[in-house]
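Each remark here refers to the structure printed beneath this line.
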There are 2 protein chains.
Amino acid sequence: MDVDLRKLRYFVAVAERLHFGRAAEALHIAQPVLSRQIRALEEELKVQLFARTRRATELTPAGEQLLADAVPLLASAEALRRRVTRAARGAGTFTVGFMPGIIVTPAVRALRERHPDLTVEVVRTTWDDQTEVILDGRVDIGYVRLPIDQRGLRVRPLTSEPRVAVLPSGHRLAGKDLIGISDLADEHLLQDPDAVPEWRDIATELRRPGRRRPAPAFHAVEEKLEHVAAGHGIVVLPLSVVAFYTRPDVTYVPVTDLPPNQVCLAWDSARRNPLIGEFAAIATDLHATGPSPAW
Amino acid sequence: MDVDLRKLRYFVAVAERLHFGRAAEALHIAQPVLSRQIRALEEELKVQLFARTRRATELTPAGEQLLADAVPLLASAEALRRRVTRAARGAGTFTVGFMPGIIVTPAVRALRERHPDLTVEVVRTTWDDQTEVILDGRVDIGYVRLPIDQRGLRVRPLTSEPRVAVLPSGHRLAGKDLIGISDLADEHLLQDPDAVPEWRDIATELRRPGRRRPAPAFHAVEEKLEHVAAGHGIVVLPLSVVAFYTRPDVTYVPVTDLPPNQVCLAWDSARRNPLIGEFAAIATDLHATGPSPAW
DNA sequence: GCCTGTAATACCCTGGAGGCATCAGAGGTG
DNA sequence: CACCTCTGATGCCTCCAGGGTATTACAGGC
């Protein structure tokens with residue numbers, strides 16, 4: 001009748017590795033069990049999921065489709081679990097996520113005033129988990145910075161702010177009033193290139209292929225600034241972030257041909273919680289009519 | 001580890017009825033089994049879901065939360081099942097849903113030309129199932145008419161078209177060039193009031209409470225027109241629909257204070273299928289630059 | 001021809017989901 | 001107040017699905 005989430009989880013493990021033995025190991029079960037479960041899933045769905053040649057294992061089109069659907073489904077199931085537990089603990093809590101540099105206080109205060117009995121919490125996110133926390137139920141609504149993977153989310157634009165290049169104080173470009181992306185082509189970018197898509201378009205053509213890979217293992221703003229100060233490279237950040245996390249040994253320069261960073265509200269598109277809509281309205285309102293922020 | 005979808009289904013059955021016996025009956029299982037399963041679910045989540053007083057059963061806040069999350073999760077699971085089966089049958093098929101009066105041919109043809117090996121199918125929907133078919137996997141993308149419940153969907157506006165009142169040919173208003181909603185206040189609306197939200201705002205105040213309820217059991221356009229012709233009442237439809245399903249014994253009149261009907265593209269926000277994005281781009285493009293339709 | 005790596009098969013054991021019969025407590029009723 | 005009814009909970013049985021171990025079957029490489 002219903003699909004079994006356990007079987008789906010097993011399937012995903014195999015589909016991601018294309019190897020029963022290693023998948024079984026990762027799942028902490030014996031390999032024959034996994035073989036049988038997958039076969040059972042195939043029989044239940046009346047569909048072949050893997051093309052098994054004795055030597056290799058690969059996905060059929062149906063398997064590809066299942067993988068694409070199973071991953072978000074499992075995430076939703078996990079989110080459901082988390083939200084129920086949260087709902088039990090704090091009968092009335094509402095959690096707002098935000099990226100560094102975004103001011104959430106006015107909107108949060110407004111929501112508290114309208115619902116005196118409600119506990120409103122805030123959670124700081126990073127570039128990597130800003131959408132994750134929404135989909136897994138840790139926050140009810142989040143202030144996010146584009147670009148993001150919008151799958152499973154509803155997104156409403158709020159505002160945008162210019163981005164600047166953050167450099168060590170002694171850097172050759174440190175004194176400039178204004179630079180272009182091409183001036184930075186030889187710099188090492190200390191952050192996820194997805195956060196600065198234009199970087200790829202313009203800079204990567206100039207870069208030698210053998211160059212050291214990005215792979216930054218630090219995600220918080222403070223860590224990035226620390227590395228910039230140490231001269232390991234540069235980062236590109238929205239102006240408000242730099243203004244907030246100011247420190248003497250790094251400086252910043254506006255970059256002309258870098259489009260502004262778009263700040264949006266995002267929430268789980270499958271949910272129906274009146275507070276989400278209410279908060280979104282408040283926040284949108286504040287950003288439209290309220291006092292303009294520093295940038 | 002994972003939640004059990006069967007238990008969730010059982011929970012929803014009880015939560016919707018607030019009665020174990022009747023829920024068990026609806027699920028075709030014995031009542032003690034259901035009691036035990038719910039209790040097991042509560043223990044697994046470490047949360048009390050129902051407040052059981054010996055005489056009544058009601059939901060706790062955690063239960064409310066679970067109900068809100070479980071319903072879409074079960075729907076997603078069902079959709080996953082359906083999509084996998086479809087992916088197995090037609091290795092490469094893409095299905096487009098559309099409401100009556102919307103012309104999909106050019107976009108479908110364009111997609112076919114770009115992917116000669118792809119089977120592109122179209123499905124006509126009704127007001128009631130236009131979003132359902134998207135969420136349960138019967139279509140990959142749908143042309144929908146607002147207002148809709150956007151939960152679980154991504155929606156992109158396409159175009160809008162005026163709406164008209166459809167009347168029997170002999171109706172007192174049949175000859176008019178233009179009427180207002182208030183002229184229709186005494187008419188019987190033969191369709192889901194949600195389809196014409198303004199009807200509620202304006203007309204219901206004028207209506208006596210004891211009036212016959214809407215509850216229309218017919219949904220296809222042809223059926224509505226049949227009933228209008230028979231003098232059972234009137235309907236409000238987008239102009240293109242009336243133009244398409246023309247018949248001699250019904251006529252239509254533009255309504256001044258009825259905002260136009262918004263046509264959008266909508267697809268499952270959790271999915272990642274490049275064809276969806278491609279089709280959306282084609283359709284948006286056609287509607288922006290292509291030949292303007294009849295209305 | 002033999003060894004290795006990989007999935008499938010054979011067989012067993014346990015726990016959980018289902019059924020039936022019954023119990024227990026809260027309200028209503030004569 | 002005794003009794004009946006309605007409703008969910010318990011006790012006990014059966015059976016199958018999911019887990020484990022041992023082994024087989026087959027394709028390639030040496």
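Chain A is the first sequence line, chain B the second, and so forth, proteins listed ahead of strands; every chain is numbered from 1.
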Quickly work out the B/Ile29 CD1 to D/dG8 C1' distance and round it to whole Å. 14 Å
Integer-rounded Å distance: D/dA22 P and A/Gln31 CD: 14 Å
Just by distance, with hydrogens left out, do A/Thr126 and A/Gln130 show a side-chain donor and acceptor under 3.5 Å apart? no
Tell me what A/Ala30 touches on the nucleic acid: a base, only sugar-phosphate, or nothing, going by heavy atoms under 4.0 Å. base
side-chain N/O A/Thr57 vs C/dA7 OP1/OP2, d < 4.0 Å: yes
Begin from the C-alpha positions of A/Lys224 and A/His227 and carry the test side-chain contact (heavy atoms from CB on, under 4.5 Å) through to its verdict. CA-CA 5 Å; A/Lys224 286 178 188 157; A/His227 280 80; 6.0 Å; no
Positive for side-chain contact (heavy atoms from CB on, under 4.5 Å) with B/Val139, one of B/Val96, B/Val133, B/Val122: B/Val133
Indicate whether the side chain of B/Arg86 and that of B/Thr95 have a donor and an acceptor atom separated by less than 3.5 Å. yes
May I ask you to evaluate whether B/Ser35 reaches the phosphate of D/dA9, defined as a side-chain N or O under 4.0 Å from OP1 or OP2? yes
Return the value, rounded to whole Å, for the distance between atom CG of A/Leu34 and atom P of D/dG18. 13 Å
Go through D/dA9, D/dG19, C/dA7 for me and flag the one nearest to the A/Val33 side chain. D/dG19
I need the CZ-C1' distance between A/Arg6 and C/dG15, as an integer number of Å. 11 Å
Please give me every residue in residues 37-51 of chain A whose heavy atoms get under 4.0 Å of an atom in DNA chain D, ordered by residue number. A/Gln37
Establish, from distance only, whether the side-chain atoms of B/Ser269 and A/Ser269 form a donor-acceptor pair under 3.5 Å. yes
Take atom CG of A/Asp2 and atom P of D/dA17, then tell me their distance rounded to the nearest Å. 15 Å
Any residue of residues 7-28 of chain B with a heavy atom less than 4.0 Å from an atom of DNA chain D: B/His19, B/Phe20, B/Gly21
Does the side-chain contact (heavy atoms from CB on, under 4.5 Å) test come out yes or no for A/Asp69 and A/Leu67, once each step is laid out? CA-CA 5 Å; A/Asp69 275 0; A/Leu67 181 58; over 6 Å; no
Check the distance between D/dG18's P and A/Leu5's CG and give it to me in whole angstrom. 13 Å
Is there a donor and acceptor pair closer than 3.5 Å between the side chain of B/Arg36 and the base of C/dG19? yes
With a 4.0 Å cut-off on N to O distance, would you call B/Arg52 and B/Glu42 a salt bridge? yes
Do the ring centers of A/Phe20 and A/Tyr10 come within less than 6.0 Å of each other? no
Test B/Glu64 against B/Thr60 for side chain to side chain donor-acceptor pair (under 3.5 Å), laying out the working first. CA-CA 6 Å; B/Glu64 295 279 5; B/Thr60 62; over 6 Å; no
